Q: 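Handing you this structure, nothing more for now.
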Amino acid sequence: AQSVTQPDIHITVSEGASLELRCNYSYGATPYLFWYVQSPGQGLQLLLKYFSGDTLVQGIKGFEAEFKRSQSSFNLRKPSVHWSDAAEYFCAVRNSGNTPLVFGKGTRLSVIA
Amino acid sequence: DARVTQTPRDKVTEMGQEVTMRCQPILGHNTVFWYRQTMKQGLELLAYFRNRAPLDDSGMPKDRFSAEMPDATLATLKIQPSEPRDSAVYFCASGLGGTTDTQYFGPGTRLTVL
């Protein structure tokens with residue numbers, strides 16, 4: 001069965017600092033990987049996705065993620081965090097075909113001045 | 001800007017009452033998902049449909065939950081009778097059925113069962 005682990009429940013970073021959110025997955029075949037962001041009271045917005053090819057993928061809002069098969073990881077990064085990035089971030093995995101997502105528990109990001 | 005819409009956005013009801021949540025997928029999307037978000041369990045799948053046919057509803061308590069797609073523009077999730085443990089945010093998402101397609105989420109329905 002597929003599973004996703006986000007080891008960090010809550011992270012606090014200073015505005016302008018770099019960010020890395022960790023995600024590890026467990027899946028037997030080639031995973032299809034996603035990062036979503038959820039602002040308070042809002043739905044989930046897709047930040048980026050990885051299906052195949054270049055293991056470094058670029059997303060919206062200046063985010064990027066790197067797929068490392070050897071480490072079963074898909075970490076999310078941003079070189080300089082803005083206060084508006086404060087939100088909950090979810091990593092997810094699914095099979096081929098648009099099948100249901102399996103989500104991690106999420107990482108809450110706080111940004112301080 | 002095409003979006004998934006959900007109604008109501010907030011629902012407060014008493015235990016034992018029937019609750020109906022509605023979702024309008026993005027026009028042309030043939031795959032619809034219902035997820036539930038709770039603090040304890042996180043985001044979990046309840047059911048999903050492709051071309052209006054249910055493909056998986058194993059995440060739903062069968063005795064009280066039902067999900068349908070009366071037509072391609074409407075998905076419904078019903079709880080009867082509702083219980084306090086059903087309090088959660090219910091998200092609908094839609095997409096196309098292809099391998100490289102993604103899921104677009106609605107704003108959710110926040111359900112509180114007293």
Side-chain angles (χ1 to χ4, degrees), chain A residues 1-10 23-25 27 29-54 57-60 63 65 67 74 87-108, chain B residues 1-10 21 23-26 28-51 54-60 67 88-110:
Chain A
Q2 303 164 65
S3 67
V4 176
T5 301
Q6 293 181 248
D8 305 305
I9 296 174
H10 183 206
C23 171
N24 293 96
Y25 65 90
Y27 185 58
T30 300
Y32 293 77
L33 294 158
F34 304 80
W35 276 99
Y36 282 84
V37 61
Q38 183 181 26
S39 297
Q42 303 297 312
L44 282 75
Q45 181 183 23
L46 179 69
L47 283 176
L48 47 77
K49 58 191 176 185
Y50 172 78
F51 295 144
S52 65
D54 192 345
V57 292
Q58 303 296 321
I60 62 171
F63 285 92
F67 171 59
F74 188 56
E88 187 100 18
Y89 291 81
F90 293 92
C91 182
V93 66
R94 67 159 169 81
N95 294 325
S96 62
N98 207 346
T99 52
L101 294 164
V102 173
F103 286 91
K105 294 290 189 185
T107 297
R108 183 161 63 93
Chain B
D1 185 22
R3 297 186 182 197
V4 176
T5 58
Q6 290 185 248
T7 57
R9 291 293 308 275
D10 279 281
M21 291 170 267
C23 166
Q24 184 172 14
I26 293 172
H29 283 185
N30 66 346
T31 307
V32 175
F33 305 83
W34 284 103
Y35 295 92
R36 177 170 62 182
Q37 184 178 35
T38 60
M39 292 292 290
K40 187 176 181 181
Q41 300 294 334
L43 279 154
E44 52 185 355
L45 177 76
L46 293 176
Y48 84 107
F49 296 76
R50 182 155 295 147
N51 297 321
L55 293 188
D56 185 354
D57 61 1
S58 58
M60 290 200 312
V89 181
Y90 292 80
F91 287 106
C92 175
S94 74
L96 296 170
T99 295
T100 59
D101 291 306
T102 56
Q103 295 173 30
Y104 298 87
F105 282 75
T109 293
R110 179 177 298 277

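It should be emphasised that the depicted structure is a prediction, and the values quoted were computed from it without experimental measurement. Naming: A, B, ... by sequence-line order, numbering from 1 per chain.
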Q: Is chain A contacted by the side chain of Leu43(B), its backbone, both, or neither, given a heavy-atom distance below 4.5 Å?
A: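 Contact with chain A involves both backbone and side-chain atoms of Leu43(B).
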
Q: Do you know which of Gly108(B), Gly42(B), Gly97(B) has the most heavy-atom pairs with chain A at a distance under 4.5 angstrom?
A: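 Ranked by heavy-atom pairs under 4.5 Å with chain A, first place is Gly97(B).
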
Q: Is the Lys NZ or Arg CZ of Arg94(A) less than 6.0 Å from the centre of Tyr32(A)'s six-membered ring, within 45° of the axis?
A: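 Yes, cation above the ring, under 6.0 Å and within 45°.
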
Q: Tell me, for Gln37(B) versus chain A, whether the close heavy atoms (under 4.5 Å) come from the side chain, the backbone, both or neither.
A: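 The answer is the side chain of Gln37(B).
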
Q: Below 4.5 Å from any heavy atom of chain B, which atoms of Leu44(A) appear? Answer side chain, backbone, both or neither.
A: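 Contact with chain B is through both the backbone and side chain of Leu44(A).
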
Q: Identify which of Leu46(A), Asn95(A), Thr99(A) forms the greatest number of heavy-atom pairs closer than 4.5 Å to chain B.
A: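 Counting heavy-atom pairs under 4.5 Å, the top option is Thr99(A).
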
Q: So for Leu96(B), is it side chain, backbone, both, or neither that comes closer than 4.5 Å to the heavy atoms of chain A?
A: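 Looking at Leu96(B), just its backbone touches chain A.
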
Q: Look at the rings of Phe91(B) and Phe105(B) and say which category their plane angle falls in: under 30° parallel, 30 to 60° tilted, over 60° perpendicular.
A: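 Correct class here is perpendicular.
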
Q: How are the rings of Tyr89(A) and Phe63(A) set relative to one another: parallel (under 30°), tilted (30 to 60°) or perpendicular (over 60°)?
A: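 Rings of Tyr89(A) and Phe63(A): tilted, 30 to 60°.
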
Q: Of the listed residues (Ala93(B), Gly106(B), Pro107(B)), which shares the most heavy-atom pairs with chain A below a 4.5 Å separation?
A: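 Looking at each of Ala93(B), Gly106(B), Pro107(B) in turn, Pro107(B) comes out on top.
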
Q: Could you tell me whether the side chain of Gln103(B) and the main chain of Val32(B) form a donor-acceptor pair under 3.5 Å?
A: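 Side chain of Gln103(B) to backbone of Val32(B): no pair is present.
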
Q: Would you confirm whether Thr38(B), through its side chain, and Gln41(B), through its main-chain N or O, come within 3.5 Å as a donor-acceptor pair?
A: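 Checking the backbone N and O of Gln41(B) against the side chain of Thr38(B), a donor-acceptor pair under 3.5 Å is found.
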
Q: Which atoms of Ser52(A) are under 4.5 Å from chain B, going by heavy atoms: the side chain, the backbone, both sets, or neither?
A: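 Neither part; nothing is under 4.5 Å.
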
Q: Could you tell me which portion of Gln38(A) (side chain, backbone, both or neither) has an atom closer than 4.5 angstrom to a non-hydrogen atom of chain B?
A: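 For Gln38(A), side-chain heavy atoms alone lie under 4.5 Å from chain B.
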
Q: Donor-acceptor check, side chain of Trp35(A) to backbone of Phe74(A), threshold 3.5 angstrom: yes or no?
A: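 Confirmed, Trp35(A) side chain pairs with Phe74(A) backbone.
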
Q: So for atom CD1, which belongs to Ile60(A), do other residues, nucleotides or ligands contribute more than 12 heavy atoms lying within a distance under 6.0 Å?
A: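 Enclosed: over 12 neighbouring heavy atoms sit under 6.0 Å from CD1 of Ile60(A).
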
Q: Could you look at Thr31(B) and say if it's the side chain, the backbone, both or neither that has a heavy atom under 4.5 Å from chain A?
A: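 Side chain only.
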
